[in-house]
Participant: 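One structure, as structure tokens, below. Some questions next.
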Amino acid sequence: MKENEKTIARPEADAVVLFSGGLDSILAAKLLEEQGLRVRCLHFYSPFFGDPGAIGYWQRTYRLEIEAIDVGEDFCDLLRRRPEHQFGKVLNPCMDCKILLLRHARRHMERLGARVIATGEVLGQRPMSQRRDALNVIRRDAGVEDVLLRPLSALHLPPIPAEEEGFVDRSRLLGISGRGRKDQLALAEKFRLTRIPTPGGGCRLTEKENARRYWPVLRDMPHPVAADFHLANLGRQFWLERHGRRFWLSMGRNVRDNEALAAALRDGDARVGLAGLPGPVAVARCGASWPADVLADAAALTASYAGKATAAAQRGETVFGRAQTPDGREIWRGPIEPSRDTGWQEPLWEPAREEIREEQRLRIQALEQARLARKEARRKMAADNGEPATADAEPLQSPSENV
Ligand code: SF4
């Protein structure tokens with residue numbers, strides 16, 4: 001017997017459910033379980049969303065089987081290439097994100113021998129990615145039209161083959177739509193869920209405070225990966241423009257940040273700090289190759305957040321900064337004056353937003369120009385062959401939409 005026949009003969013689950021930890025995804029899983037289907041929840045996580053550490057809690061609290069799946073690198077690839085359907089109001093590429101997650105879900109569905117991918121999406125709940133036309137684009141581009149089920153809104157949507165064949169009992173699915181939560185709360189009561197997750201939140205890409213941290217990484221790092229965005233989540237973020245390039249420093253605000261930053265050091269980084277005095281942990285990404293003047297100013301900035309260093313400088317004592325490789329080898333040491341006026345700046349959201357808008361505008365313009373050029377080439381070819389011009393078959397680029 002071939003491997004895939006074995007999988008089909010002995011499926012490990014009937015349905016996989018995209019599980020965010022929010023109420024809607026819990027209810028989607030419960031609705032399917034209620035009709036006797038074996039459900040495996042998939043919890044996707046990345047530097048921007050997800051909480052794999054909560055899986056145990058969710059399993060105990062909601063009595064669901066949940067698997068954590070890291071999509072961080074694939075998500076970074078999406079961001080590096082820029083989303084095909086544009087960013088939403090902040091740095092959230094919701095449609096592309098859903099397409100990516102559904103493609104992953106399809107692979108896991110097939111691995112488990114399941115026949116259905118279910119989500120907790122509710123028609124009309126969010127303007128962008130849960131509108132009917134957006135849902136259709138997502139289904140099509142993710143290649144899940146034949147298996148994607150939205151149990152909470154199924155009665156507003158055409159049946160999928162699993163419903164038509166009776167594998168899923170459509171009469172036990174729901175027709176919820178809109179932004180209200182009344183129906184979901186009633187359902188939670190019916191399923192005796194004692195702990196109701198709070199709505200919204202959960203994705204850092206929708207929050208300006210986080211997006212301002214991510215944008216310089218996306219703009220200035222040559223090939224940003226998940227570890228870079230994990231670093232951007234930590235402590236204070238500073239950027240310096242000098243010598244025709246930009247330098248990135250992350251600095252701890254407390255013991256927890258400092259521990260996380262020390263753990264985030266990678267080959268090629270430098271740990272910037274003070275020689276012989278306590279101070280915050282500061283990670284210079286790719287800092288092993290920074291010029292001495294940049295390391296000196298990074299150390300001066302770090303010292304300005306260290307009480308003992310500033311007090312020593314005020315007493316007229318010389319304070320020394322230093323930079324070390326992750327394994328502790330010193331690569332620079334020199335006298336510094338604690339100072340926040342060294343050119344290092346914390347990234348702000350407003351300028352980032354303008355840059356993102358301009359970048360999106362140029363990208364849409366370039367796509368439109370390419371589309372028109374292809375149309376013109378087709379027209380010319382038809383004219384050369386003596387054929388009548390055909391209608392423009394290419395769809396327009398989908399407009400920028402907001403969450
Ligand atoms: S808010 Fe958008 S980008 Fe963030 S996880 Fe949800 S769909 Fe993905």
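Counting starts at 1 for both ligands and their atoms, following the listed order. It should be emphasised that the depicted structure is a prediction, and the values quoted were computed from it without experimental measurement.
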Participant: Examine Arg115 relative to Phe167 and say whether NZ or CZ is less than 6.0 Å from the centre of the six-membered ring and inside a 45° cone about the ring axis.
Facilitator: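 Cation-pi check for Arg115 and Phe167: passes.
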Participant: Establish, yes or no, whether a centroid distance under 6.0 Å links the rings of Phe191 and Tyr62.
Facilitator: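 That pair fails the under 6.0 Å test.
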Participant: Taking the six-membered ring of Tyr305 as reference, does the NZ or CZ atom of Arg340 fall below 6.0 Å from its centre and within a 45° cone about the axis?
Facilitator: yes
Participant: Please identify which atoms of ligand 1 are closer than 4.0 Å to at least one heavy atom of Cys94.
Facilitator: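 That gives atoms 1 (S), 2 (Fe), 3 (S), 7 (S) of ligand 1.
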Participant: Which of the atoms in ligand 1, numbered in the order shown and given with their element, are less than 4.0 Å from a heavy-atom of Pro93?
Facilitator: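 Close to Pro93: 3 (S).
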Participant: For ligand 1, which atoms, with element, lie under 4.0 Å from some heavy atom of Thr206?
Facilitator: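 Those qualifying, in numeric order: 1 (S).
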Participant: Below 2.8 Å, any N, O or S contact between Cys97 and atom 8 (Fe) of ligand 1?
Facilitator: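 It does; at least one qualifying atom falls short of 2.8 Å.
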Participant: With backbone taken as N, CA, C and O and side chain as the heavy atoms from C-beta onward, which portion of Leu101 lies under 4.0 Å from ligand 1: side chain, backbone, both, or neither?
Facilitator: neither
Participant: Donor-acceptor pairs under 3.5 Å, side chain of residues 274-281 to any protein atom, not counting sequence neighbours: which ones?
Facilitator:
none

Participant: Check each atom of ligand 1 against the heavy atoms of Phe49 and keep those under 4.0 Å away; list them by number with element.
Facilitator: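 This gives 5 (S) as the contact atoms.
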Participant: With sequence neighbours left out, write down each residue that passes ring pair (Phe, Tyr, Trp, His ring centres under 6.0 Å) with His43, or none if nothing qualifies.
Facilitator: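 Partners of His43 under the ring pair (Phe, Tyr, Trp, His ring centres under 6.0 Å) test: Trp58.
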